[in-house]
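Just so you know, ligand 1 is whichever comes first in the structure, and atom 1 is the first atom listed for that ligand.
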Amino acid sequence: MSQTTQAASASKSRFSVRDICYAGLFAAVIAVMAQISIPMPLGVPMTMQTFAITLAAVVLGSKLSAIATLVYLALGAVGVPVLANFSGGFDKFVGPTGGFLISFPLMAYIIGLGVEHRNAFKGAFVTAVVVGTLVNYVVGVALFVVVAHSTIAVGISACVLPFIPTAIIKAVLACAIGLNLRKRIPGLKA
Ligand SMILES: O=C(O)CCCC[C@@H]1SC[C@@H]2NC(=O)N[C@@H]21
């Protein structure tokens, strides 16, 4: 391949090697944070996954954080014990917490869009964090209700109510730390 062709294909490539390393690094961060997990009576554990996913989204932005999250889920799907409580395997995706898992990339993408367009209008960033988090909970409840053959009320009791206070704390912390990190990490737009 000539140098001109190589330069042209490099400039067309969406992600640099550095971007791919950041995505891998954040996939690892999510895997570690997933192990900070407290079992809950109705079967959905309290975990730090959403903290790590929000952090990844704020630091990396929409596309790269969605990729980091997809890499994390792919590892989990093939059986690497990166999901909550050192679990893994495809069956987790069709289990009671599968809805949370499958919505993680979309959650990351929405929050990442919010950080990229945070100056578009007042409240853009907060709106994206709220919408991304809501998507996570709506899909989480929906799959729980189907898999556990429960009512929506039981789904909300298992998947939403116990997590509201910590969800707010995790989101605020992840956004504060993430916005700070974003300014300091080379190659990321402040
Ligand atoms: O099995 C898994 O690895 C997924 C667990 C999902 C836990 C969800 S994520 C949103 C909500 N907040 C929590 O702390 N736990 C639940």
Do [X] and [Y] have side chains that approach each other closer than 4.5 Å (heavy atoms only, starting at C-beta)?
X: L70; Y: F104; result: no
X: S65; Y: I53; result: no
X: V139; Y: M107; result: no
X: L83; Y: F93; result: yes
X: Y72; Y: Q49; result: yes
X: T47; Y: F100; result: no
X: L64; Y: V59; result: no

*Quick one: look at N85 and ligand 1, take heavy-atom pairs under 4.0 Å, and tell me if it's side chain, backbone, both or neither.*
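Under 4.0 Å from ligand 1, N85 contributes no heavy atoms.
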Which residue owns the protein heavy atom closest to [atom], what's the atom, and how far is it?
atom: atom 7 (C) of ligand 1; result: P45 O, 3.5 Å
atom: atom 11 (C) of ligand 1; result: Y137 OH, 3.5 Å
atom: atom 1 (O) of ligand 1; result: T97 OG1, 2.9 Å

By number and element, which atoms of ligand 1 are closer than 4.0 Å to a non-hydrogen atom of [X]?
X: L83; value: 3 (O)
X: N136; value: 10 (C)
X: K92; value: 1 (O)
X: T50; value: 9 (S), 10 (C)
X: Q49; value: 2 (C), 3 (O), 4 (C), 5 (C), 6 (C)
X: A84; value: 1 (O), 2 (C), 3 (O)

_Less than 4.0 Å is my threshold; does some heavy atom of K170 fall inside it relative to ligand 1?_
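Heavy atoms of K170 do come under 4.0 Å of ligand 1.
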*Does G140 come within less than 4.0 angstrom of ligand 1, counting non-hydrogen atoms of the residue?*
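The answer is no, since G140 has no heavy atom less than 4.0 Å from ligand 1.
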*Heavy atoms from other residues, nucleotides or ligands near NZ of K63 exceed 12 (cutoff 6.0 Å)*: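 No, not enclosed.
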